[in-house]
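To start, the structure itself, in structure tokens.
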Amino acid sequence: MTLGGGMAMLPLMDREFVEKRRWLTPQEMVDIVAVMQSLPGLIAVNMAVLIGYRVKGVTGALVAAFASVLSPFAIIVVIASGLSSLSDTPTLDHIFLGVRAGCAALIFMSLFKLVKQVMDGPLAWSLGAIAFVASVVLGIDITFVILFGFLVGYGALV
Amino acid sequence: MVPLFEHEIVTRHAFMSAADFANLIGLAQVTPGPIGFNSATYVGMAQSGFIGSVVASLGVMVPSIVISLIVAIFLRKAADAKWMKLLMKGVRPCVVGIIGAAVIFFAKTALCWQGAVIFAAVVFIRWTWAKLNPIWSLAVSALLGWALFLI
């Protein structure tokens, strides 16, 4: 599992589901990010099912899952039919570089907001710092980092 | 997922050559949507047309749907339990740390002065105009990515 995929959706989730529609609280969104990143499979579909279920039960989950892949499906079918071809031109590279830099900035802004809502004491800050170092420096899989947080929470329990 | 796909598609079933597979992954990466989903749809389409792409897409989605649904139902049942709240108290800061790592991940792939300018521009736009849809920020980023390299 890689870091890239799911996290690029975070600013959009925040905007649509938390701020605009108020389907989720910021805490619930963080919980869903934890779960969708650690479950196997397609992160986008995991997210759609988790949020869809919370909003409208099993029907909501199924509708959201299929809706989440509709546009990628259509795009691939068109490209694979040979109606258009996507070549690796420098211009395209530059545009995607721009999008990645923009993604970094958007996620940075989301991070800023979440820090204020989640980081409520020295324990939270140390856990966050450990998770950051584990992912960036040590390259540890997200699933294990989240499992670690789970164990620390469990430690607080007993 | 990609190494698993390579093993099944290229080595085991010989659906396509290694070179075609490399192109496919490149294509799946630049088209929007999950890479696993995109490549499955593409292979299905290449193998047996539209029906193939539908079957392949469903095949790669179903495990995600089933597992996520089970977890979602369980999470709802346990949401108000005290132990769940404590567990999540440990998990949430880790998610924040991982989100921080995601910023680094994306920033690393756009490491040049143009990338830095775009990063700063988007932060500035969002800071001064919080209600703006994030999609527009990304459209601006794409445009800047194209324009700044013309200089």
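- Neither the backbone nor the side chain of A:I32 comes within contact range of chain B, judged by heavy atoms closer than 4.5 Å.
- A:F112 touches chain B through its side chain: at least one heavy atom from C-beta onward sits under 4.5 Å away, while N, CA, C and O do not.
- Only the side chain of B:P34 has a heavy atom closer than 4.5 Å to any heavy atom of chain A.
- Contacts between B:L75 and chain A at a heavy-atom distance below 4.5 Å involve the side chain alone, from C-beta outward.
- For A:A124, the parts lying under 4.5 angstrom from a heavy atom of chain B are both the backbone and the side chain.
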May I have the step-by-step check of side-chain contact (heavy atoms from CB on, under 4.5 Å) for B:F50 and A:V77, ending in yes or no?
CA-CA 7 Å; B:F50 186 73; A:V77 167; 4.1 Å; yes
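- Distance check: A:L12 CG to B:N133 CG gives 7.0 Å after rounding to the nearest 0.5 Å.
- Summarising the geometry, atom SG belonging to A:C103 is positioned 10.5 Å from atom CZ belonging to B:F105; distances are rounded to the nearest 0.5 Å.
- Contact of A:R15 with chain B is made through the side chain alone, with heavy-atom distances under 4.5 Å.
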Side-chain polar contacts of residues 145-156 of chain A - donor-acceptor pairs under 3.5 angstrom, sequence neighbours left out - could you list them?
none

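- A distance of 11.0 Å separates OG of B:S68 from CE of A:M47, quoted to the nearest 0.5 Å.
- Heavy atoms of B:M61 lying under 4.5 Å from chain A belong to its backbone as well as its side chain.
- Relative orientation of the A:H94 and B:F149 rings is parallel, given thresholds of 30° and 60° on the angle between their planes.
- The stretch residues 49-67 of chain A participates, sequence neighbours left out, in these side-chain hydrogen bond (donor to acceptor under 3.5 Å, both in side chains) pairs: A:E28-A:R54.
- At distances below 3.5 Å, not a single donor-acceptor pair connects side-chain atoms of B:R92 with backbone N or O atoms of A:V118.
- Of the two parts of B:S137, only the side chain, counted from C-beta on, holds a non-hydrogen atom closer than 4.5 Å to a non-hydrogen atom of chain A.
- Only the side chain of A:D120 comes within less than 4.5 Å of a heavy atom in chain B; its backbone stays farther off.
- The line from CD1 of B:I73 to CG of A:L50 is 11.0 Å long, rounded to the nearest 0.5 Å.
- Contact of A:L42 with chain B is made through backbone and side chain together, with heavy-atom distances under 4.5 Å.
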